Amino acid sequence: MIEDPITITNFVLRFIHIISGITWIGLLYFFNFVNIPFQATLQGDLKSKVNPELLGRALFWFRWAAMSTFLVGLLLLLHKYTVGQLWTDADGAISDRAKWILFGAVFGTIMWFNVWFIIWPAQKKILTGLKVGQPHPEAAALAKKAALASRTNVYLSAPMLFCMIAPTHFPTFGSGLPLVVMALIGFGLVKFLYTVSPKVGQIGG
């Protein structure tokens, strides 16, 4: 039985952070690789019936999972790196481990901001208009704005996730070349997924 309160706190925070992150990123990929192609198949009357119920529920879990991931991640970062004295190395300079995590935290913060201050406000206006039967006059512009922020988050997710696990596998940050390489690979993979997503999952396909 682990009795060290610091270890227990780190474990609990990390567990919640991971569960929240899985929910958040999972729904992000659902919206971009499943929902976008699906929406292209819906007629206008079906969108007004399906989207407020389906997307309203999905966006609830999406935005609050983002908030939980962000806030718990911040607590975990401050607790683990301050209490564990991981911010600096023996020379007093910022540690390589901290550099990796801070890069990941920056990417994650941008993604959280996009969810709460761009994607959700735009989608709320669009879905409210569909629900009351009066489409928002700027629905097309709002949808485009939300889609751009969402796509940005998908592209940022690869380097963000890489930075979160990198300290264990790349203890030395160095020039950050592994991050650049992984970002390029991640961007290429995301581009490929966007390309194939409209074509997969169809009956007979």
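The shown structure was predicted, so the numbers you read here are calculated from the model rather than taken from an experiment. Heavy-atom basis, side chains included; hydrogens, waters and symmetry copies ignored.
For the pair Pro171/Asp96, no side-chain contact is recorded, criterion being any heavy-atom separation below 4.5 Å from C-beta on. Using a 4.5 Å cut-off on side-chain heavy atoms (C-beta onward), Val115 and Leu28 make no contact. For the pair Ile119 and Lys145, the minimum side-chain heavy-atom distance is 4.5 Å or more. Ile16 is listed as a side-chain neighbour of Ser68, based on a closest heavy-atom distance under 4.5 Å. At least one side-chain heavy atom of Ile25 sits less than 4.5 Å from a side-chain heavy atom of Met160. In this structure, Glu138 and Lys125 have side chains that are not in contact, with every pair of non-hydrogen atoms separated by 4.5 Å or more. Looking at heavy atoms from C-beta onward, Pro178 lies out of side-chain contact with Phe173 at the 4.5 angstrom threshold. Residues Arg63 and Trp24 are not in side-chain contact: their nearest non-hydrogen atoms beyond the backbone lie 4.5 Å or more apart.
Here Trp112 and Phe117 bring their ring centres to under 6.0 angstrom of each other.
A donor and an acceptor atom, one from each side chain of Ser157 and Tyr29, are located under 3.5 Å apart. In the model, Trp87 has a side-chain atom that pairs as donor or acceptor with a side-chain atom of Thr82 under 3.5 Å. Residues Asn32 and Ser150 bring a donor and an acceptor atom of their side chains to less than 3.5 Å of each other.
Applying side-chain hydrogen bond (donor to acceptor under 3.5 Å, both in side chains) to Asn114 and the options Thr152, Asn153, Thr109 leaves one that passes, Asn153. Here the rule is side chain to side chain contact (heavy atoms under 4.5 Å, CB included) with Ile101, and of Val106, Leu77, Leu76 only Leu77 fits it.
Using the six-membered ring where Trp is involved, Phe107 and Phe103 have ring planes that are tilted, between 30° and 60° apart. Between Phe62 and Phe31, the two ring planes are perpendicular [angle over 60°; tilted spans 30° to 60°].
Note: Asn35 CG to Leu54 CG = 6.5 Å, rounded to the nearest 0.5 Å. Atom-to-atom distance recorded for Leu161:CG and Met164:CE is 8.0 Å, nearest 0.5 angstrom. To the nearest 0.5 Å, atom NZ of residue Lys80 and atom OG1 of residue Thr9 are 11.5 Å apart.
Between Phe170 and Trp100, the shortest heavy-atom distance links the atoms O-NE1, 2.8 Å.
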Next item on the list: Begin from the C-alpha positions of Trp116 and Trp64 and carry the test ring pair (Phe, Tyr, Trp, His ring centres under 6.0 Å) through to its verdict.
Entry: CA-CA 9 Å; Trp116 273 91; Trp64 286 110; 4.9 Å; yes
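Side-chain atoms of Ser95 come within 3.5 Å of backbone atoms of Leu86 as a donor-acceptor pair (strictly under, hydrogens ignored).
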